[in-house]
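What follows is a set of notes on a single structure, which appears directly below.
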Amino acid sequence: MDVTPHRHAEGKGLDSEGHLRREGSLALVPDAFRPVVAAVRHRLPVAFGARMTGAYLYGSIPRGTARVGRSDLDLLLALDGEPTEADREGARDLGERLDAEFPQIDGVGTLLYSRGRLLSDLETYDLGWFVACLCTPLLGEDLTPRLPRYRPDSRLARETNGDLALILPRWRTRVAEATTEDARRGLVRGVSRHLVRTGFTLVMPRWNGWTSDLGEMAEAFAAYYPERAVQMRAAAVRGYEPNDDPAVLRSYVDDLGPWLAGEYARVHGIKAPRP
């Protein structure tokens with residue numbers, strides 16, 4: 001698709017004042033996925049009780065782009081206190097049961113964070129932005145009124161994806177340990193998506209907008225880095241339709257990833273260290 005860097009702001013995920021609009025809505029959930037969302041709404045309070053202060057959907061289901069049998073269910077839970085192993089086990093158990101019961105989803109991923117961390121100064125332009133702009137409220141308190149309004153600027157770029165250099169060593173270890181086709185395919189999908197999103201946020205301030213569509217992200221990146229356009233477009237395709245080619249993973253951790261980490265640091269700087 002052809003994406004130019006000069007479209008009207010409101011057509012690029014921004015409101016009339018240039019702030020990022022929240023993407024997704026319960027009204028956009030496709031009909032096929034509504035029973036899943038209803039089950040989640042009922043079962044989360046049973047599983048977590050008062051420990052859960054809020055729950056959100058994110059990803060393709062609340063954006064209305066989910067594909068039956070291909071898309072996963074993505075959840076973020078705000079907890080009253082740091083997540084415990086019991087919390088994580090409860091989330092895994094709930095996810096496994098939902099995945100087994102509803103064939104329209106392909107897996108469940110649940111992020112667990114304390115309410116305090118989501119509202120902390122350190123996370124304002126990373127997890128806070130994620131909640132305010134990419135998550136759809138499902139249950140309990142919505143933290144958005146306690147967070148600032150966001151613009152697609154260099155600070156947001158730095159704090160969301162300015163840690164790629166720290167992630168690359170972990171990817172290399174996982175690539176070396178991925179000995180099955182399924183393991184490699186899962187890595188190709190995840191790493192492809194991460195690289196495309198990082199490439200997009202690299203150019204986000206110049207493109208002046210937001211999108212969660214991998215193809216559109218790759219085209220926005222290509223407008224500014226044509227010499228890397230072929231690689232990024234291919235990564236966007238693999239983010240939706242992954243293969244299990246070890247050469248693809250090696251190219252990510254030995255070429256595209258290191259280049260992107262270096263360019264990101266040059267343009268936006270390094271993400272603030274986490275404890």
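When reading the values below, keep in mind they use all heavy atoms of this one structure, side chains included, and skip hydrogens, waters and symmetry mates.
Put simply, the side chain of Leu79 does not reach to within 4.5 Å of the side chain of Arg115, judged on heavy atoms. For the pair Leu164 and Pro258, the minimum side-chain heavy-atom distance is 4.5 Å or more. Leu94 is not listed as a side-chain neighbour of Val108, based on a closest heavy-atom distance of 4.5 Å or more.
With rounding to the nearest 0.5 angstrom, the CG atom of Leu76 is 9.0 Å from the OG1 atom of Thr110. Distance CE/Met232 to OG/Ser192: 10.0 Å, rounded to 0.5 Å. Atom CG of Leu98 is separated from atom CG of Asp72 by 12.5 Å, given to the nearest 0.5 angstrom. We find the CG-OG distance between Leu256 and Ser251 to be 7.0 Å, quoted to the nearest 0.5 Å. Of the inter-residue distances, the one linking Leu20 atom CG with Cys133 atom SG reads 5.0 Å to the nearest 0.5 angstrom. Annotation: the span from Leu77 atom CG to Asp87 atom CG amounts to 9.0 Å, rounded to 0.5 Å.
Between Glu141 and Thr53, the side chains place no donor N or O within less than 3.5 Å of an acceptor N or O (distance only, hydrogens not considered). Between the side chains of Ser60 and Arg67, no donor-acceptor pair is found at a separation under 3.5 Å. The closest side-chain donor-acceptor pair between Tyr56 and Asp74, if any, does not fall under 3.5 angstrom.
Hydrophobic cluster membership of Ile270, counting Ile, Leu, Val, Met, Phe, Trp and Tyr whose side-chain heavy atoms lie under 4.5 Å apart directly or via other members: none, as it forms a cluster of its own. Other cluster members for Val237: none, since no ILVMFWY side-chain heavy atom sits under 4.5 Å from it.
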- [ ] With side chain to side chain contact (heavy atoms under 4.5 Å, CB included) as the test, would you mind laying out the steps for Met217 and Leu214 before giving the verdict?
- [x] CA-CA 5 Å; Met217 285 181 165; Leu214 296 180; 4.1 Å; yes

Task: Test log, rule side chain to side chain contact (heavy atoms under 4.5 Å, CB included), inputs Arg70 and Asp106 - done: CA-CA 5 Å; Arg70 304 293 295 278; Asp106 182 20; 5.8 Å; no

Open item on the list: Set out, in order, the CA-CA distance, both residues' side-chain angles and the distance that settles side chain to side chain contact (heavy atoms under 4.5 Å, CB included) for Leu111 and Leu75, then state yes or no.
Closed with: CA-CA 6 Å; Leu111 301 177; Leu75 301 169; over 6 Å; no

TODO: In sequence, state the C-alpha distance, the side-chain angles, and the governing distance for Glu23 and Ser212, and then conclude on side chain to side chain contact (heavy atoms under 4.5 Å, CB included).
DONE: CA-CA 9 Å; Glu23 67 172 21; Ser212 285; 2.9 Å; yes

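No more than 12 heavy atoms of other residues, nucleotides or ligands sit less than 6.0 Å from atom CZ of Arg174.
In this view, Asp255 and Arg228, Gln231 satisfy the side-chain contact (heavy atoms from CB on, under 4.5 Å) rule, not counting sequence neighbours. Applying the side-chain contact (heavy atoms from CB on, under 4.5 Å) criterion to Val68, with sequence neighbours excluded, gives Ala32, Phe33, Gln104. Looking at residues two or more places apart in sequence or on another chain, you find a side-chain contact (heavy atoms from CB on, under 4.5 Å) between Arg88 and Pro83, Glu85, Arg92, Leu112. For Tyr125, the ring pair (Phe, Tyr, Trp, His ring centres under 6.0 Å) partners at least two apart in sequence or on another chain are Tyr150. With sequence neighbours left out, the side-chain contact (heavy atoms from CB on, under 4.5 Å) criterion links Asp153 to Arg151, Arg155, Leu156.
The side chain to side chain contact (heavy atoms under 4.5 Å, CB included) with Arg41 is formed by just one residue from the set Leu57, Leu26, Val36; it is Leu26.
Of all heavy-atom pairs between Pro152 and Asn208, the closest is CG-OD1, 3.5 Å. Taking both residues in full, the closest heavy atoms of Ile61 and Ala66 are given as CG1-CB, 3.7 Å, listed atom of the first, atom of the second, then distance. Across every non-hydrogen atom of Ala261 and Ala165, the tightest pair is CB-N, 3.9 Å. Nearest heavy atoms, Met204 versus Ala157: CE-N, 3.9 Å.
Under a 4.0 Å N-O distance rule, the pair Arg63/Asp213 does not qualify as a salt bridge. Ionic pairing of Asp126 and Lys271 is present here: one or more N-O contacts between side-chain nitrogen and carboxylate oxygen are shorter than 4.0 angstrom. The residues Glu82 and Arg51 are annotated as not salt-bridged, no charged nitrogen and carboxylate oxygen being separated by less than 4.0 angstrom.
For the salt bridge (charged side-chain N to carboxylate O under 4.0 Å, His left out) condition, the pairs that include at least one residue of residues 183-199, sequence neighbours left out, are Asp182-Arg185, Arg185-Asp244. Among residues at least two apart or in separate chains, there is no ring pair (Phe, Tyr, Trp, His ring centres under 6.0 Å) pair with a member in residues 83-107. Residues in residues 151-186 take part in these ring pair (Phe, Tyr, Trp, His ring centres under 6.0 Å) pairs, two or more places apart or across chains: Trp171-His194. Within the structure, ring pair (Phe, Tyr, Trp, His ring centres under 6.0 Å) contacts touching residues 226-275 (residues at least two apart or in different chains) are Tyr225-Trp259, Tyr264-His268. Residues in residues 93-105 take part in these salt bridge (charged side-chain N to carboxylate O under 4.0 Å, His left out) pairs, two or more places apart or across chains: Arg43-Glu101, Asp93-Arg97.
No donor-acceptor pair closer than 3.5 Å links the side chain of Glu159 to the backbone N or O of Thr124. A donor-acceptor pair under 3.5 Å links the side-chain atoms of Arg22 to the main chain of Val131, judged by distance alone.
Linking ILVMFWY side-chain heavy atoms closer than 4.5 Å, directly or via other members, places Trp210 and Leu147 in a single hydrophobic cluster. In the hydrophobic clustering of ILVMFWY residues, with side-chain heavy atoms under 4.5 Å counting as a link, Leu134 and Val37 come out apart.
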